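These notes concern the structure reproduced below.
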Amino acid sequence: MKWRVVNDYQALSAFAGDILLRALRARPDVVLGLPTGRTPEGMYEHIVAECGREYRCFSSAQTFNLDEYVGIPPSHPGSYYSYMRHHLFDHVDIRDDNVHIPDGAAQNLEAECARYELEIAQAGGLDLTFLGLGRNGHIGFNEPGTPFDSRTRVVGLTESTRRANAPEFQDCPVPTRAITIGIGTILDSKRIVLFASGTEKAGIVWRFASEDPSESLPATALRSHPDVTVIVDRNAAAELGELWDM
């Protein structure tokens with residue numbers, strides 16, 4: 001596991017974005033696992049700015065989003081489909097048929113989860129997956145207690161997670177369920193980047209760095225993966241102390 005501590009959120013966003021851009025340049029048909037939330041927004045902004053200077057940036061790439069809410073249509077402003085359109089897809093040359101996001105409005109959610117897992121496998125698996133680190137250690141919507149061998153499925157959302165996402169749902173309650181790819185699916189990715197920013201993440205970053213792998217802290221499943229890069233800014237690294245020089 002490789003750690004990189006950078007000065008601030010802007011530096012974190014640029015560092016993560018450059019990892020993704022280098023992957024696109026090295027292999028234009030790369031298969032990406034992409035996150036949502038506040039932390040990746042700067043990374044997407046950096047990617048959009050850089051891709052504006054290039055030709056055929058995303059034209060051969062495939063993307064698989066980590067999750068989507070259950071019970072709202074893709075057109076809802078709080079959906080992750082809308083998020084990805086706003087922050088990335090509407091600004092780069094990605095083909096619509098290469099964009100994959102779980103359908104949280106599907107009538108048969110179990111079948112939708114199986115379909116999504118199969119689509120990832122048919123694409124050859126995820127080459128590079130980006131993950132935010134939740135305040136309780138979740139990755140994707142894999143909350144504490146999730147088995148490390150879990151696959152794409154419907155999950156209930158904790159109150160803390162729903163509160164964190166409440167700003168996107170001014171017109172209705174935050175959904176109580178979501179579809180998420182599982183920890184086992186994430187671990188099948190050839191390469192993983194985990195990032196965290198801000199003082200509110202300092203405690204969970206310290207726990208992630210210091211605690212033994214446990215299902216009570218889902219992100220610790222990444223310890224078993226052979227190629228993980230962890231990027232944190234100085235605020236998120238504030239409690240690392242003697243672990244700083246990892």
Side-chain angles (χ1 to χ4, degrees), residues 1-26 30 32-51 65-67 83 87-88 126-144 146 148 160-161 164-165 181 183 186-187 189-246:
M1 186 172 289
K2 301 178 288 291
W3 284 75
R4 179 64 177 256
V5 178
V6 298
N7 282 333
D8 52 27
Y9 176 70
Q10 183 177 3
L12 178 147
S13 299
F15 193 86
D18 285 341
I19 290 174
L20 192 152
L21 290 166
R22 285 195 297 271
L24 282 169
R25 292 163 186 150
V30 67
L32 301 167
L34 296 180
T36 52
R38 287 185 289 276
T39 305
E41 289 179 6
M43 178 182 76
Y44 292 139
E45 183 178 354
H46 177 79
I47 290 166
V48 167
E50 291 298 314
C51 282
N65 263 75
L66 303 181
D67 36 43
Y83 173 103
H87 289 289
L88 182 64
L126 301 171
D127 294 311
L128 173 61
T129 298
F130 290 81
L131 302 169
L133 178 63
R135 295 185 191 185
N136 62 0
H138 71 252
I139 47 177
F141 273 136
N142 295 286
E143 301 282 5
T146 300
F148 286 174
S160 62
T161 295
N165 293 315
I181 69 172
I183 293 176
I186 291 170
L187 292 177
S189 181
K190 297 178 182 67
R191 185 181 181 192
I192 296 170
V193 174
L194 178 75
F195 43 35
S197 172
T199 54
E200 70 276 8
K201 295 293 180 70
I204 196 62
V205 167
W206 180 85
R207 288 186 60 199
F208 169 72
S210 61
E211 293 186 11
D212 292 332
S214 167
E215 291 178 0
S216 65
L217 207 168
T220 56
L222 302 179
R223 297 278 187 78
S224 67
H225 194 278
D227 193 349
V228 177
T229 299
V230 183
I231 312 169
V232 292
D233 62 19
R234 289 185 180 273
N235 286 334
E239 297 186 19
L240 289 179
E242 70 275 7
L243 300 175
W244 180 270
D245 295 322
M246 288 177 292

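This structure is a prediction, so every number in the text was calculated from the model and none was measured.
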Query raised in the report: Are side-chain heavy atoms of Val205 and Trp3 found at a separation under 4.5 Å?
Result: yes
Query raised in the report: Yes or no on side chain to side chain contact (heavy atoms under 4.5 Å, CB included) for Asn65 and Tyr83, after CA distance, side-chain angles and deciding distance?
Result: CA-CA 11 Å; Asn65 263 75; Tyr83 173 103; 5.8 Å; no
Query raised in the report: Rounded to the nearest 0.5 Å, what separation is found between the CE atom of Met1 and the CG atom of Asp227?
Result: 10.5 Å
Report task. Count the heavy atoms belonging to other residues, nucleotides or ligands that lie under 6.0 Å from CZ of Arg38, then report whether that count exceeds 12. Result -> no
Report task. Determine the minimum heavy-atom distance between His46 and Asp18, stating which atoms define it. Result -> NE2-OD1, 2.8 Å
**Report entry** Least distance between heavy atoms, Thr229 atom then Arg191 atom
**Finding:** OG1-NH2, 4.3 Å
Report summary line: CH2 (Trp206) and CD (Glu211) are apart, to the nearest 0.5 Å, by 6.5 Å
**Report entry** For the student: nearest non-hydrogen atoms of Phe195 and Pro35, plus distance
**Finding:** CZ-CG, 4.2 Å
Report summary line: Separation between OG (Ser197) and CG (Leu133), nearest 0.5 Å, reads 11.5 Å
Report summary line: Between Ala221 and Leu187, the two heavy atoms sitting closest are O-CD2, 3.6 Å
Report summary line: In short, Ser216 meets Ser214 closest at the heavy-atom pair OG-OG, 2.8 Å
**Report entry** Nearest-0.5 Å distance that lies between atom CZ in Phe130 and atom CD1 in Ile19
**Finding:** 6.0 Å
**Report entry** Residue pair Gly203 / Glu239: nearest heavy atoms and the distance that separates them
**Finding:** CA-OE1, 3.7 Å
Report task. Taking Asn142 for its side chain and Ile181 for its backbone only, find out whether a donor-acceptor pair lies under 3.5 Å. Result -> yes
Query - Distance (rounded to the nearest 0.5 Å) between Leu24 CG and Leu32 CG - result: 6.0 Å
Requested in this report: Would you confirm whether Tyr9, through its side chain, and Thr39, through its main-chain N or O, come within 3.5 Å as a donor-acceptor pair?
Outcome: yes
Query raised in the report: Hey, is the main chain of Ile186 close enough, under 3.5 Å, to the side chain of His225 for a donor-acceptor pair?
Result: no
Requested in this report: Decide side chain to side chain contact (heavy atoms under 4.5 Å, CB included) for Leu66 and Phe141; before the verdict, give the C-alpha distance in whole Å, the side-chain angles of both, and the deciding distance to 0.1 Å.
Outcome: CA-CA 8 Å; Leu66 303 181; Phe141 273 136; over 6 Å; no
Query raised in the report: Taking C-beta and beyond as the side chain, do Thr146 and Ile139 meet within less than 4.5 Å on heavy atoms?
Result: no
Query raised in the report: Is the number of heavy atoms from other residues, nucleotides or ligands under 6.0 Å of Glu50 CD greater than 12?
Result: yes
Report task. Measure the OG1-CZ distance between Thr199 and Arg234 for me, rounded to the nearest 0.5 Å. Result -> 15.0 Å
Report task. Any chance you could lay out the side chain to side chain contact (heavy atoms under 4.5 Å, CB included) test for Asn235 and Glu200, step after step, and finish with the verdict? Result -> CA-CA 8 Å; Asn235 286 334; Glu200 70 276 8; over 6 Å; no
Query raised in the report: Is the closest side-chain heavy-atom distance between Asp212 and Thr220 below 4.5 Å?
Result: no
Report task. Taking the side chain as every heavy atom from C-beta outward, state whether Leu217 and Ile204 have any pair of such atoms under 4.5 Å apart. Result -> yes
Report task. Could you check Val5 against Ile231 for side chain to side chain contact (heavy atoms under 4.5 Å, CB included), going step by step and ending with a plain yes or no? Result -> CA-CA 6 Å; Val5 178; Ile231 312 169; over 6 Å; no
